[in-house]
Amino acid sequence: MKILIVNAGSSSLKYQLIDMEREVTMAKGLVERIGIPGGRLKQTRGEHKYELDMHMPDHIEACKQMLQALVHEEHGVLNSMDEIGAVGHRVVHGGEHFTASSLIDEDCLKAIEQNSSFAPLHNPANLMGIRATQMVMKDTPMVAVFDTSFHQSMPPKSFLYGMPMEYYTDLKVRRYGFHGTSHRYVSERAARMLGRDAKDLKIITCHLGNGSSLCAVDGGKSVDTSMGLTPLEGVLMGTRSGNVDPASLQYIMNHLHLDINQMMDVLNKKSGLLGVSGLSSDMRDVEEAAAQGHQRAQIALNLLHNGIKKYIGAYTAVMGGVDAIVFTAGIGENSAELRERVLSNMEYLGVKLDKEKNQVRGKERDVAAADSKVRILVIPTNEELVIARDTLALVQGSK
Ligand code: AMP
């Protein structure tokens with residue numbers, strides 16, 4: 001079966017067509033600037049590139065153009081859109097409603113809508129993508145795969161905040177966690193690489209990209225994760241602050257006369273690597289500047305490295321040990337320097353990096369020293385494949 005993966009944002013739509021017989025990507029693309037001037041579709045098929053400049057008034061038009069590109073005589077990969085057996089949609093917030101991926105029906109759509117208040121920028125955009133594809137692919141079954149569902153296995157001691165219980169019972173304020181498809185994929189791959197059953201392993205997965213989160217995966221299940229009700233909690237990120245003392249906000253807001261929306265904007269968009277370094281939210285820029293002696297860039301990196309190290313220590317304690325630490329996403333897969341700095345002085349925990357093996361980018365590899373008790377794995381993430389596999393399984397009724 002051929003499965004189309006759709007990740008819809010408010011003005012963009014990313015897609016990928018996967019042939020599930022061989023689990024290979026046939027084509028992938030991006031429609032940008034939906035609803036604003038300068039609309040564009042870019043599609044790649046291996047090395048072959050196709051670009052179309054065209055105004056896309058809404059997501060429905062974007063979906064139509066995506067399908068036309070996929071069946072395009074010269075640039076496409078399909079003879080007809082009927083060859084697409086199912087569509088898998090990435091949805092950011094499934095709240096407590098979704099503990100796993102779900103076939104999309106009216107109840108599912110309602111539940112996604114209900115969870116929009118937790119992810120006001122993402123869920124409504126995901127819904128627009130679903131509704132638009134449903135309009136243009138009327139009889140094709142569709143599945144929603146949630147960033148949050150893998151973390152629904154967390155126990156209350158991990159997901160509750162130390163606030164009045166009514167905030168949880170009445171308002172559902174709790175830690176949900178994100179990047180679940182990535183944490184799930186790399187923890188399963190890690191078990192495969194180690195030739196062990198995931199049930200017998202304690203793994204810490206570090207998804208480090210523009211947004212970053214860590215996850216404690218015990219016996220194949222998420223038992224703790226660093227992001228919270230929203231993706232703002234946890235380690236320092238590209239533009240997000242990660243953890244701060246909540247009382248510091250009152251102090252800053254009083255002194256700078258900011259309201260809560262302005263304050264949240266600073267924490268989400270002007271903090272992190274960007275805010276601390278004063279240079280860039282992009283790790284490559286910050287690492288390069290730090291290497292040339294830029295002090296604020298060096299401080300930003302130290303904050304990030306130290307923050308990740310603290311979570312690794314905490315999750316080792318929570319699980320009563322660790323068998324493997326996995327690095328994934330843009331920074332985790334590519335920054336040898338970050339891996340080395342984060343894991344320095346951890347021999348007491350049985351964590352010992354092989355510095356030569358560690359010089360790897362974007363490839364699956366065990367980079368631990370031969371005598372390291374804990375395996376250290378670099379694993380490129382593949383969220384689309386997880387979405388495609390879940391979609392196939394649900395559509396075939398095997399889940
Ligand atoms: P992602 O959100 O997973 O696409 O990751 C984006 C982040 O990965 C950005 O901060 C990039 O600077 C970072 N990144 C990509 N390639 C490298 C690299 N070779 N070295 C360090 N960071 C990288």
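One-based numbering, in listed order, for ligands and for the atoms of each. Values reported hereafter were calculated over all heavy atoms of this structure, with side chains retained and with hydrogens, waters and symmetry mates removed. All values derive from a computational prediction rather than experimental measurement.
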Undergrad: Please confirm whether the backbone N or O of F327 pairs with a side-chain atom of R339, one donor and one acceptor, at under 3.5 Å?
TA: no
Undergrad: With the threshold set strictly below 4.0 angstrom, can you tell me whether any protein non-hydrogen atom sits that near atom 4 (O) of ligand 1?
TA: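 Within 4.0 Å of atom 4 (O) of ligand 1, no protein heavy atoms are found.
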Undergrad: Can you figure out which of E383, H179, M283 has its heavy atom closest to atom 9 (C) of ligand 1?
TA: M283
Undergrad: What protein heavy atom sits nearest atom 19 (N) of ligand 1, and how far away is it?
TA: R361 NH1, 3.2 Å
Undergrad: Relative to the heavy atoms of E287, which atoms of ligand 1 are at a distance of less than 4.0 Å?
TA: 21 (C)
Undergrad: Nearest non-hydrogen atom to atom 2 (O) of ligand 1 belongs to which of L273, N210, D285, D282?
TA: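 Residue with the shortest heavy-atom distance to the ligand atom: N210.
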Undergrad: To the nearest 0.1 Å, how far is atom 7 (C) of ligand 1 from its closest protein heavy atom, and which atom is that?
TA: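 The answer is I331 CG1, 3.8 Å.
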Undergrad: Any N or O of R284 that comes nearer than 3.5 Å to an N or O of ligand 1?
TA: yes
Undergrad: Would Y311 and N243 count as a side chain to side chain donor-acceptor pair (under 3.5 Å) if you check the C-alpha gap in whole Å, the side-chain angles of each, and the deciding distance to 0.1 Å?
TA: CA-CA 12 Å; Y311 269 103; N243 298 335; 3.0 Å; yes
Undergrad: Stepwise, does the ring-ring contact (aromatic ring centres under 6.0 Å, His included) test hold for F98 with H93?
TA: CA-CA 9 Å; F98 295 101; H93 218 303; over 10 Å; no
Undergrad: Does the distance from a Lys or Arg side-chain N to an Asp or Glu carboxylate O, for K357 and D366, drop under 4.0 Å?
TA: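 Judged by the 4.0 Å cut-off on N to carboxylate O distance, K357 and D366 do not form a salt bridge.
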Undergrad: Does K202 come within less than 4.0 Å of D218, counting only side-chain N to carboxylate O?
TA: yes
Undergrad: Numbering the atoms of ligand 1 from 1, which are under 4.0 Å from a heavy atom of G209?
TA: 1 (P), 2 (O), 3 (O), 5 (O)
Undergrad: Suppose we measure from atom 18 (C) of ligand 1 to each protein heavy atom; which comes out shortest, and what is that distance?
TA: N334 CB, 3.3 Å
Undergrad: Any N or O on G330 sitting closer than 3.5 Å to an N or O of ligand 1?
TA: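 Yes, at least one N or O pair falls under 3.5 Å.
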Undergrad: So does K28 pair up with E384, basic N to acidic O under 4.0 Å?
TA: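 Here K28 does not pair with E384 in a salt bridge, since their nearest N and O are not under 4.0 Å apart.
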Undergrad: Look up atom CD1 in I376 and atom CG in L343, then write down how far apart they are to the nearest 0.5 Å.
TA: 5.0 Å
